[in-house]
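The structure appears right after this line, and notes come after that.
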Amino acid sequence: MLNSSIGKKLLMALAGLFLCVFLVVHLGINLCLLRDDGGEWFRAAAGFMSSNKIIKVFEVFLFGGLILHIIYGIFIEIKNRISRPISYNKTYASQTSYFSKYMIHTGMIIFAFLGLHLINFYFVKLGWTPAPQGIVAVEDKHDFYNMAINLFQNPVYSFVYIGFMIFLGFHLHHAFQSAFQTLGVNHTKYNTLIKATGTIYSIAIALGFSVIPVYFLFFWGK
Amino acid sequence: MKFKLKIWRQENAQAKGKFVTYELDNVSDDCSFLEMLDQLNETLVDKFDKPVCFDHDCREGICGMCSLYINGRPHGNDSGITTCQLHMRRFKDGDTLVVEPWRAKAFPVIKDLVVDRTAFDKIIQEGGYVSVNTGGIPDANAIPIKKVDSDLAMDAAQCIGCGACVAACKNASAMLFVSAKVSHLALLPQGSLEAKERVDNMVSKMDELGFGYCSNTGACEAECPKEIKISNIARLNREFFVSKLG
Amino acid sequence: MAQIESKIPKGPVAEKWTLYKDGQNLVNPANKRKLDVIVVGTGLAGASAAASLGEMGFNVKIYCYQDSPRRAHSIAAQGGINAAKNYPNDGDSVHRLFYDTIKGGDYRAREANVHRLAEVSNSIIDQCVAQGVPFAREYGGLLDNRSFGGAQVSRTFYARGQTGQQLLLGAYSALSRQIKKGTVEMFNRTEMLDLVIVDGKARGIITRDLVTGKIERHAAHAVVIATGGYGNVFFLSTNAMGSNGSAAIQVYRKGAYFANPCFTQIHPTCIPVHGESQSKLTLMSESLRNDGRIWVPKKKEDAEQIRKGLLKPTAIKEEDRDYYLERRYPAFGNLVPRDVASRAAKERCDAGFGVGATGLAVYLDFATSIQRLGKKVIEERYGNLFQMYEKIVDENPYETPMMIYPAIHYTMGGIWVDYELMTNIPGLYAIGECNFSDHGANRLGASALMQGLADGYFVLPYTIQNYLANEIRTPRIQKSMQEFESAEKSVKERIDKLMSIKGKHSVDFYHKKLGKIMWDKVGMGRTKESLTTAIAEIKALSVEFWKDVRVTGTKDELNPELEKALRVADFLELGELMAMDALNREESCGGHFREEHQTEDGEAKRNDIDFMYAALWQYKEGKAAELFKEPLVYEVVEVKQRNYK
């Protein structure tokens with residue numbers, strides 16, 4: 001099955017949908033930052049995520065899925081480029097969903113962000129990179145709450161972050177409905193629902209994540 | 001009407017091609033795109049030049065032989081038609097028209113705007129049929145078929161095999177073509193008996209011939225002269241999973 | 001005069017085919033593998049024959065000039081396919097279909113052949129449904145039928161407006177299956193250029209690879225041509241651009257009889273000509289006549305106003321409209337056979353009542369039907385046709401009546417075949433439109449698909465065995481034989497000749513000129529005078545062509561100009577033959593209308609005493625073709641003047 005084009009795409013889609021679920025969870029935790037409770041909820045949520053055994057298993061899946069999604073994405077892109085060795089002079093004036101044409105590009109941008117993001121947070125957790133200055137571990141745990149707040153108070157970081165989130169939204173906008181199509185879910189009764197959900201989902205994710213830096217830049221502590 | 005035509009010229013499969021620009025005047029807005037090319041070719045023959053080669057036959061939008069990627073769109077700037085049904089009134093006087101052959105690894109250029117689409121025949125040969133011999137068949141009304149299913153099958157069966165889906169797709173994927181045939185036969189009881197082998201063999205042939213992977217951009221659906229829907233691709237995916245998992 | 005042996009089996013008409021099959025020779029499975037059959041053309045007839053022969057175990061080679069066998073022009077047939085299933089319970093039967101076809105053909109077809117056609121018609125529907133052809137169905141899940149010109153029952157099966165496409169794709173799928181199995185070898189972008197005869201038997205063909213220009217030899221125990229009709233003699237026709245009469249002319253030059261070349265069908269419902277640059281005519285399915293009413297203005301001044309664009313057809317009051325078919329033929333109304341409908345349109349336009357900018361068009365109006373059935377039903381039935389019309393003409397047929405005019409559509413004449421579909425050259429068969437057999441002087445709607453598939457699926461695969469059974473001892477034919485060499489040489493010389501002329505005018509220039517002569521003088525209305533002039537003009541044009549045609553490019557490459565030149569050279573020969581045949585046939589029948597022979601109210605007047613025969617023409621090098629006659633004997637059908645009133 002995985003030798004075939006459709007099989008590979010199925011895996012891409014499943015991994016992608018899994019990542020979509022993860023994004024919701026991640027957003028949920030991040031939104032805890034907005035609660036003016038000195039990081040109580042955020043820490044509790046983060047603590048749960050890093051200690052629960054089931055979540056640990058999911059983490060393996062998450063990284064597996066992520067790597068799979070990226071590797072297959074790149075593989076398919078290369079394959080697709082080989083499939084048209086000579087490109088057109090005038091390209092692609094056809095009516096298509098706009099973002100669908102740039103999935104590899106938005107994907108790579110998100111990947112770049114992910115690198116930054118991992119260095120900032122995940123690598124700290126693993127102890128590969130030191131925690132930024134002034135951040136002290138609380139009860140032997142890294143203080144991601146203050147790390148996040150510090151970062152978001154940096155306007156450059158925040159705007160870059162928001163920029164990345166917009167691209168994430170673009171990526172998700174096509175990705176969501178595309179995954180369903182790849183899974184074979186396409187029915188005149190439900191297509192509008194899937195598309196609308198995809199649009200709402202992609203906007204919600206991009207907006208949801210962007211609200212946080214905006215809050216810390218302009219409203220926090222005022 | 002007057003047009004500036006930028007046309008891909010290539011001596012043969014091995015030669016390197018290039019764009020050549022022609023000016024053409026006195027084109028009637030009632031004539032079709034191919035009739036406009038006929039007119040251009042007449043002027044070339046007048047000058048002892050070689051006319052532009054392009055595939056065409058029925059000129060009524062059903063044989064699927066005509067191709068041409070015109071200003072970034074297969075079959076030009078109208079929907080639900082083939083190039084032979086594209087009329088010059090769809091363009092503005094003085095327009096520049098860039099005319100290219102279908103571009104895909106699986107559709108190599110033979111000459112000028114003519115490409116080799118035998119890859120499609122090869123895919124059909126892998127299973128785009130119901131395995132019945134001539135004769136010894138029960139009465140046609142022995143198997144009633146729901147009208148909805150029959151209509152859906154007909155929607156898919158209308159594919160003319162022109163290759164516009166491959167040409168339009170940024171990935172040069174043949175999924176719409178393959179899915180149309182798989183859907184047509186999967187929707188009918190006659191075809192369902194061999195559904196598993198059919199989808200397996202046709203998809204693996206499609207992969208082998210060097211078509212790209214579908215990324216659900218929907219360009220194929222937008223350009224298909226018979227307006228075949230990408231819901232067929234979803235059905236192909238389903239058929240494929242069922243065949244692999246079942 | 002040579003005896004024409006049509007090999008019609010003995011016995012009552014209704015039993016001839018059964019008796020034939022019971023008595024014919026068959027080839028056993030082990031021997032089938034040793035026998036090669038060449039099929040030229042991949043339309044309904046060719047593809048279905050090749051697939052069926054492949055399934056039986058013969059080694060088949062099949063050829064088409066297009067890039068894929070699925071492109072053959074059968075694909076363009078819109079309306080439907082007839083069969084005597086009697087599903088609607090309206091009194092249809094094999095006999096009635098047989099009778100209608102004979103009568104529709106104006107009593108110029110062979111009874112035995114037509115009866116066989118009607119007999120196998122039902123099997124065709126079964127076969128196609130089994131292949132997955134998505135014919136239209138009722139809500140109950142059973143097959144739907146509609147009525148068609150020339151019949152009083154609903155016996156036409158259809159798949160929207162694309163019946164030909166679906167049937168061809170069915171045959172193509174069966175063919176593809178055999179190609180995969182290796183029983184059929186496919187040669188696409190390959191055109192037949194000559195027939196090879198060895199010891200009086202057809203043994204192979206010479207072809208040109210259209211991509212490389214290479215001339216090649218192909219050998220077999222039998223050769224089947226299924227190359228369609230020659231309507232493109234008229235330049236403007238509903239045929240595909242590549243449709244040609246070359247295979248027919250090639251075998252004619254090798255001695256095969258060409259029968260009834262003058263029987264051409266003019267289709268009444270085509271989109272009118274728009275101008276000089278027009279390359280082909282588009283047909284609107286005849287099925288439109290089921291729900292459309294044909295009319296022209298009653299008053300000449302209204303017609304004039306319309307032509308000038310000052311008056312809209314919708315503005316003409318009901319009482320000022322002349323529904324001339326309903327008026328002249330109350331029994332059949334808008335559903336009279338094609339030849340009758342076409343001539344009636346020409347008559348009105350010639351009399352000055354024509355509409356459209358050129359005055360060469362009549363209206364096909366759906367207003368009444370839309371009112372009666374609703375727009376939705378009409379859309380369901382003809383949606384794609386209406387859309388096609390709108391794309392071409394830029395007018396919405398739901399709101400304003402369509403304009404239609406007759407155009408050349410089908411050729412009933414063709415290579416003469418006997419009951420077994422074999423020509424007078426042993427081992428050479430002709431099937432589908434390229435033979436002359438079943439439609440007489442006029443073909444009924446939805447009968448072309450029926451005939452193509454009948455020949456290919458159910459007739460030829462049987463009858464060819466009767467010949468091949470005697471060939472089992474003949475070893476594989478050697479391509480090195482002298483006959484192949486000389487045929488190849490003459491083909492090469494012909495090509496070299498064309499390439500070397502380097503004259504003043506393009507191939508299309510001559511083709512258009514020929515077309516004009518044919519349409520004006522050998523078209524819907526023919527006279528002794530027009531035909532005599534036509535023959536002289538075509539002769540002169542042919543001389544000019546061979547002296548002054550310009551073929552650019554080289555012979556060793558993909559060269560459409562050369563392809564066209566070879567075909568037009570053959571059309572010139574065909575055109576002359578058609579005119580000669582039309583001149584000889586001093587009567588009006590079916591698609592052949594001699595203005596000298598008409599009744600007082602303008603109906604065709606047959607001459608059964610002198611012309612109840614098929615006219616067979618044999619090629620004589622350097623001389624006029626020689627005429628032979630196959631008398632037509634009607635044992636069952638009572639010969640009457642056709643009456644659709």
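Proteins come first, then strands; the chains are lettered A, B, ... in the order of their sequence lines, and each starts at number 1.
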Residue among [options] with most heavy-atom pairs under 4.5 Å to chain B:
options: A:R81, A:H187, A:K8; result: A:K8
options: A:I76, A:T182, A:T91, A:V185; result: A:T182
options: A:S5, A:S87, A:P85, A:S100; result: A:S5

Heavy-atom cut-off 4.5 Å, strictly under: side chain, backbone, both or neither for [X] against chain A?
X: B:Y69; answer: side chain
X: B:F19; answer: side chain
X: B:R235; answer: neither
X: B:I70; answer: neither
X: B:K229; answer: neither
X: B:P101; answer: backbone
X: B:C220; answer: neither

**Study point:** Derivation of the ring-ring contact (aromatic ring centres under 6.0 Å, His included) call for A:F152 and A:Y161
**Key:** CA-CA 9 Å; A:F152 285 138; A:Y161 183 92; 5.0 Å; yes

Exercise for review: If the plane angle is over 60° it's perpendicular, under 30° parallel, otherwise tilted; pick one for A:H26 and A:H117.
Suggested key: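 Correct class here is tilted.
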
Practice item. Give a yes or no on whether A:F61 atom CZ has more than 12 heavy-atom contacts from other residues, nucleotides or ligands under 6.0 Å away. Key: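 12 or below, so no.
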
Review point. Would B:Q85 and B:T82 count as having a side-chain donor-acceptor pair, cut-off 3.5 Å?
Key: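 Indeed, the side chains of B:Q85 and B:T82 share at least one donor-acceptor pair under 3.5 Å.
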
Considering only heavy atoms and a distance below 4.5 Å, find which of [options] pairs most often with chain A.
options: B:E208, B:K105, B:E239; answer: B:K105
options: B:A234, B:G212, B:A168; answer: B:A234
options: B:S243, B:A219, B:C214, B:S204; answer: B:C214

Point to revise | Interatomic distance, B:F120 atom CZ to B:C159 atom SG [nearest 0.5 angstrom] | key: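 Between atom CZ of B:F120 and atom SG of B:C159 there are 7.0 Å.
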
Point to revise | Shortest non-hydrogen contact between B:N71 and B:V98, atoms and distance | key: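 For B:N71 versus B:V98, the nearest heavy atoms are OD1-N, 2.7 Å.
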
Exercise for review: Heavy atoms only: give me the nearest A:Q153-A:L217 pair and the separation to one decimal.
Suggested key: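 Result for this residue pair: O-CD2, 3.7 Å.
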
Review point. Measuring heavy-atom distances to chain B, does A:E77 have an atom under 4.5 Å in its side chain, in its backbone, in both, or in neither?
Key: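 For A:E77, the contact with chain B is made by the side chain alone.
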
Check your understanding: Can you check side chain to side chain donor-acceptor pair (under 3.5 Å) on B:S179 and B:N232, steps first, answer last?
Key -> CA-CA 5 Å; B:S179 71; B:N232 290 301; 5.2 Å; no

Practice item. Apply side chain to side chain contact (heavy atoms under 4.5 Å, CB included) to the pair B:M175 and B:N237, showing each step before the final yes or no. Key: CA-CA 10 Å; B:M175 285 284 275; B:N237 292 338; 3.4 Å; yes

